[in-house]
Visitor: 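Before anything else, here's the structure in question.
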Amino acid sequence: MDSGRIGLGEVYDIPEQHTDKRSFKSIEQSLLSQFAILASFSGVVLARAILTPKRTSRLSPTICYLVEFPLVVVPGVLFVTVASDYSAHFVAVMIALLFFYIMRTRAISRIKKQSQFNVGSRPIALTVGRALTHLITSICILAIDFGSFDRRYRKSRLFGARLMDTGIGLFVVVMGWVSRRPRNCIELRRHVLLSAMPLILLGIARVVALLAVDYGQDEHEYGVHLNAFFTLGLTKLFGSIFGYFADTDWQLLPMAFCVLVCHQVALTFGGISEYVMDDDVLRTTFLSANREGIFSIPGFVALYLLSIYFGRWLFAKTVYSFKEMIGKLRSLLIIVIACWLLMAVSAYAVGISRVTCNLGYVIWMFAIMSTMLWLTMVIFNLIFEEANERRLDEAQSLMDETQFNESENLEKGLLIPSKTVAIKSRGTQCIIIESLNMNGLVYFLLANISTGCVNIFLKPKDRSDAASVLILHIYMFVVTFAVFQLYKRRIRIA
């Protein structure tokens, strides 16, 4: 394991030259990253299997949180640090336990007898996907500063498909899932003012804060001045403008493909890829100083538009018949297989690059998220849905009182429950997952601030493996407990 850990001062994995696509290595890395994500997902599944709706209804929210923390958060910390060699083993054990659960509960027989499946106006597959993105990202942004962090998960400088390369891409995907195209000028203005501008302002605030405390920023990630908030905000801005010119959701698909193809052509034949990746290019102008952040925007916009269409297609209805549900899952499985095959092909054709958000990277993001969506729907909507009939009875009464709030949230690009839904849905989902969804932006900001404080005051590079794991657990407990307290009090900030 020691040979696989990040050395002091190392952040990126840098190939010998910017023309090396590292194709086979990227495929290997993508599978390793998928196992790390599945390990965290397995913790959520385990928590849901142990804390059934019947049990959680008898427990206080605080007890549920304390039980869930070692099941949901601890595996995520351990499997990117000291136990990273065993993530595949953990996933294999969880698969075996899941099969045992299916046999013991006779889930397949129950599924076949079920006439309808209620995915709801706030599908659990999207809820879990969004929360996992926040959870894994918050762990990695601090863990990478410790020597115990597995170096195989660090960011790729040019080409590669490592775990930390997934962060910004998955944020764009889940942002697209829960958004809808603006249908008129009023909705477009709302998208810009309520979603895009706050993210851009946060990006400016982060730049000012870093300058104030003299805290360095790696220029090879987004550039000298830009950061992830700018990327998300600009993606939302341009994605909303493109979406405004689409008359139907279906038109988003060819529009996204057109943007993506033009982006890849410019990268490959227009010399953009070499310009972005060449360290010999001086950062003397705003464009050259921030070329990573600027020239990746078209790729992220295409990814965002594809995600909007995909989310609208997958969850076009709140209640599915047995035939419709099986049909959706079959189609989604075909998409999963196709994405992974296309990802392998693109790794050799154009490479996989987060820094330019090229074609290979976009396909890889969809391979990951379509896989997680399929698994979440099968496990949570089919295998674990013992309370489905009760939820169907409640669905209509909940629909009327939540429709306005949910629609408003979707327009803001959020996936957060209204107060009424949060109260009535307690016991059907994990408390930590719900907490992260209710105040995802607050959680992400707290994680970033806490990461800065740890780096300034605790000197993570000098810590032993045991000390680093302890600090990471305390850090995760603080940030998750903070948003849990907001959830417990039904306080929704952002």
Side-chain angles (χ1 to χ4, degrees), residues 26 30 33-34 37 126 129-130 132-133 137 155-156 159-162 164-181 191 195-196 199 221-222 226 228-243 246 249-268 272-273 276 292-314 335-336 338-340 342-343 346-347 350-373 413 415:
S26 294
S30 69
S33 301
Q34 186 65 59
I37 295 170
L126 302 189
R130 184 172 187 260
L132 273 179
T133 301
T137 303
K155 294 185 184 80
S156 302
F159 291 98
R162 295 169 179 258
M164 288 199 70
D165 292 322
T166 64
I168 186 65
L170 296 186
F171 270 111
V172 170
V173 170
V174 297
M175 183 171 68
W177 277 352
V178 299
S179 299
R180 67 182 187 186
R181 60 180 179 84
H191 276 246
S195 296
L199 289 169
E221 190 168 359
Y222 299 101
L226 302 184
F229 291 113
F230 281 113
T231 296
L232 293 174
L234 293 173
T235 298
K236 182 71 175 180
L237 174 63
F238 292 114
S240 298
I241 294 173
F242 273 101
D249 290 333
W250 185 88
Q251 291 181 1
L252 294 174
L253 191 60
M255 184 180 291
F257 280 134
C258 182
V259 173
L260 185 57
V261 169
C262 291
H263 177 56
Q264 186 58 53
V265 169
L267 290 175
T268 304
I272 302 297
S273 183
V276 171
E292 293 87 353
I294 293 173
F295 288 108
S296 63
I297 292 298
F300 286 117
V301 170
L303 180 60
Y304 174 73
L305 295 174
L306 286 170
S307 301
I308 295 177
Y309 171 79
F310 190 72
R312 304 296 284 183
W313 166 78
L314 188 59
I335 292 173
V336 170
C339 282
W340 282 106
L342 288 172
M343 187 276 296
S346 63
V350 297
I352 299 174
S353 174
R354 170 194 52 81
V355 75
T356 59
C357 192
N358 68 347
L359 174 67
Y361 182 80
V362 171
I363 295 174
W364 179 42
M365 289 300 97
F366 256 85
I368 291 175
M369 274 311 199
S370 59
T371 300
M372 301 313 299
L373 272 179
L415 187 64

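Numbers for residues simply follow the sequence, beginning at 1.
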Visitor: Which distance, rounded to the nearest 0.5 Å, do you find between the CE of Met365 and the SG of Cys339?
Guide: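 Between Met365 CE and Cys339 SG, I get 11.0 Å after rounding to 0.5 Å.
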Visitor: Do Lys236 and Met175 come within less than 4.5 Å of each other through their side chains, counting heavy atoms only?
Guide: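 Answer yes - side chains close enough.
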Visitor: Report the distance from atom SG of Cys258 to atom CG of Leu305, rounding to the nearest 0.5 Å.
Guide: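 The distance works out to 11.0 Å.
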Visitor: With side chain to side chain donor-acceptor pair (under 3.5 Å) as the rule and sequence neighbours excluded, what pairs involving residues 360-369 come up?
Guide: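 Residue pairs with at least one partner in residues 360-369: there are none.
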Visitor: For Ile297, what residues pass the side chain to side chain contact (heavy atoms under 4.5 Å, CB included) criterion, not counting sequence neighbours?
Guide: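 In terms of side chain to side chain contact (heavy atoms under 4.5 Å, CB included), with neighbours along the sequence ignored, Ile297 is linked to Thr231, Leu234, Thr235, Phe238, Val301.
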Visitor: Show the nearest heavy-atom pair for residues Phe159 and Ser273, with the distance to one decimal.
Guide: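 Smallest heavy-atom distance, with atoms named: CZ-OG, 4.4 Å.
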Visitor: Applying the side chain to side chain contact (heavy atoms under 4.5 Å, CB included) criterion to Leu267, which one of Val350, Ile272, Val276, Leu359 satisfies it?
Guide: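 Going through the options one by one, the only one that passes is Ile272.
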Visitor: By side-chain hydrogen bond (donor to acceptor under 3.5 Å, both in side chains), which residues pair with Thr371, not counting sequence neighbours?
Guide: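 Applying side-chain hydrogen bond (donor to acceptor under 3.5 Å, both in side chains) to Thr371 gives Trp340.
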Visitor: Using side-chain heavy atoms (C-beta onward) and a distance below 4.5 Å, is Leu303 in contact with Phe366?
Guide: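 Yes, at least one pair of side-chain atoms sits under 4.5 Å.
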Visitor: Going by the rule side chain to side chain contact (heavy atoms under 4.5 Å, CB included), which residues pair with Ala246 if we only count those two or more places apart in sequence or in a different chain?
Guide: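 Arg181, Gln251, Leu252, Met255.
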Visitor: Any side-chain heavy atom of Met369 within less than 4.5 Å of one from Thr133?
Guide: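 When only atoms from C-beta onward are counted, Thr133 and Met369 do touch, with a gap below 4.5 Å.
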Visitor: What is the distance from atom CZ of Phe230 to atom CD1 of Ile294, rounded to the nearest 0.5 Å?
Guide: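 With rounding to 0.5 Å, CZ (Phe230) is 11.0 Å from CD1 (Ile294).
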Visitor: Of all the heavy-atom pairs spanning Val259 and Ala302, show the shortest one and how long it is.
Guide: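 Smallest interatomic distance, heavy atoms only, reads CG1-CB, 4.0 Å.
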Visitor: Only counting residues at least two apart or in another chain, list the ones meeting side-chain hydrogen bond (donor to acceptor under 3.5 Å, both in side chains) with Ser240.
Guide: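 By the side-chain hydrogen bond (donor to acceptor under 3.5 Å, both in side chains) rule, Ser240 matches His191.
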Visitor: With sequence neighbours left out, write down each residue that passes side chain to side chain contact (heavy atoms under 4.5 Å, CB included) with Ser296, or none if nothing qualifies.
Guide: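 With sequence neighbours excluded, Ser296 shows a side chain to side chain contact (heavy atoms under 4.5 Å, CB included) to Phe300, Cys357, given in chain and number order.
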Visitor: Which atoms form the tightest heavy-atom contact between Val362 and Gly299, and what is the distance?
Guide: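 Reported closest heavy-atom pair: CG2-O, 3.9 Å.
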Visitor: Where is the tightest heavy-atom contact between Ser346 and Gly360, given as atom of each residue plus distance?
Guide: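 So the minimum-distance heavy-atom pair works out to OG-CA, 3.4 Å.
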Visitor: Using the test side-chain hydrogen bond (donor to acceptor under 3.5 Å, both in side chains), find all partners of Asp165 that sit at least two apart in sequence or belong to another chain.
Guide: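 Per chain and number, Asp165 pairs via side-chain hydrogen bond (donor to acceptor under 3.5 Å, both in side chains) with Ser156, Arg354.
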Visitor: Distance check, rounded to the nearest 0.5 Å: Thr166 atom OG1 versus Gln34 atom CD?
Guide: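 The CD atom of Gln34 is 9.5 Å from OG1 of Thr166, to the nearest 0.5 Å.
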Visitor: Measure across Thr137 and Gly167 and return the closest heavy-atom pair with its distance rounded to 0.1 Å.
Guide: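 Nearest pair, atom of Thr137 first, then Gly167: OG1-CA, 4.1 Å.
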Visitor: List the residues meeting ring-ring contact (aromatic ring centres under 6.0 Å, His included) with Phe229, not counting sequence neighbours, and say none if there are none.
Guide: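 Scan of Phe229 (ring-ring contact (aromatic ring centres under 6.0 Å, His included), adjacent residues dropped) gives Phe444.
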Visitor: What pairs with Thr356 under side-chain hydrogen bond (donor to acceptor under 3.5 Å, both in side chains), at least two apart in sequence or on another chain?
Guide: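 In terms of side-chain hydrogen bond (donor to acceptor under 3.5 Å, both in side chains), with neighbours along the sequence ignored, Thr356 is linked to Ser353.
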Visitor: Which value, rounded to the nearest 0.5 Å, describes the distance between Leu253 atom CG and Ile308 atom CD1?
Guide: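 Output value for this atom pair is 12.0 Å.
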Visitor: When rounded to the nearest 0.5 angstrom, what is the spacing between CE in Met164 and OG in Ser33?
Guide: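 Result: 11.0 Å between the selected atoms.
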Visitor: Can you check whether Trp177 reaches Leu373 side chain to side chain, under 4.5 Å on heavy atoms?
Guide: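 Side chain of Trp177 against side chain of Leu373, heavy atoms only: contact under 4.5 Å found.
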Visitor: Which pairs, with at least one residue in residues 253-268 and sequence neighbours excluded, count as a side chain to side chain donor-acceptor pair (under 3.5 Å)?
Guide: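 Residue pairs passing side chain to side chain donor-acceptor pair (under 3.5 Å), neighbours aside: Gln264-Thr268.
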Visitor: Side chain to side chain contact (heavy atoms under 4.5 Å, CB included) with Val261: which residues, sequence neighbours excluded?
Guide: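 Once residues adjacent in sequence are excluded, the partners of Val261 under the side chain to side chain contact (heavy atoms under 4.5 Å, CB included) criterion are Val265.
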Visitor: Could you tell me which non-hydrogen atom of Gly233 sits nearest to which non-hydrogen atom of Ala196, and how far apart they are?
Guide: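 In this case the closest contact between Gly233 and Ala196 is O-CB, 3.5 Å.
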Visitor: Excluding sequence neighbours, so at least two apart, what forms ring-ring contact (aromatic ring centres under 6.0 Å, His included) with Phe242?
Guide: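 Residues passing ring-ring contact (aromatic ring centres under 6.0 Å, His included) with Phe242: none at all.
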Visitor: Go through Val174 and Leu126 one step at a time and tell me if the side-chain contact (heavy atoms from CB on, under 4.5 Å) criterion holds.
Guide: CA-CA 7 Å; Val174 297; Leu126 302 189; over 6 Å; no
Visitor: Of Lys155, Glu221, Glu292, which is the lone residue that meets side chain to side chain contact (heavy atoms under 4.5 Å, CB included) with Val355?
Guide: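 Result: among Lys155, Glu221, Glu292, Glu292 is the only option passing the side chain to side chain contact (heavy atoms under 4.5 Å, CB included) with Val355.
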Visitor: State, yes or no, whether a side-chain contact exists between Tyr222 and Ile168 at a heavy-atom distance under 4.5 Å.
Guide: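 SC-SC contact between Tyr222 and Ile168 confirmed.
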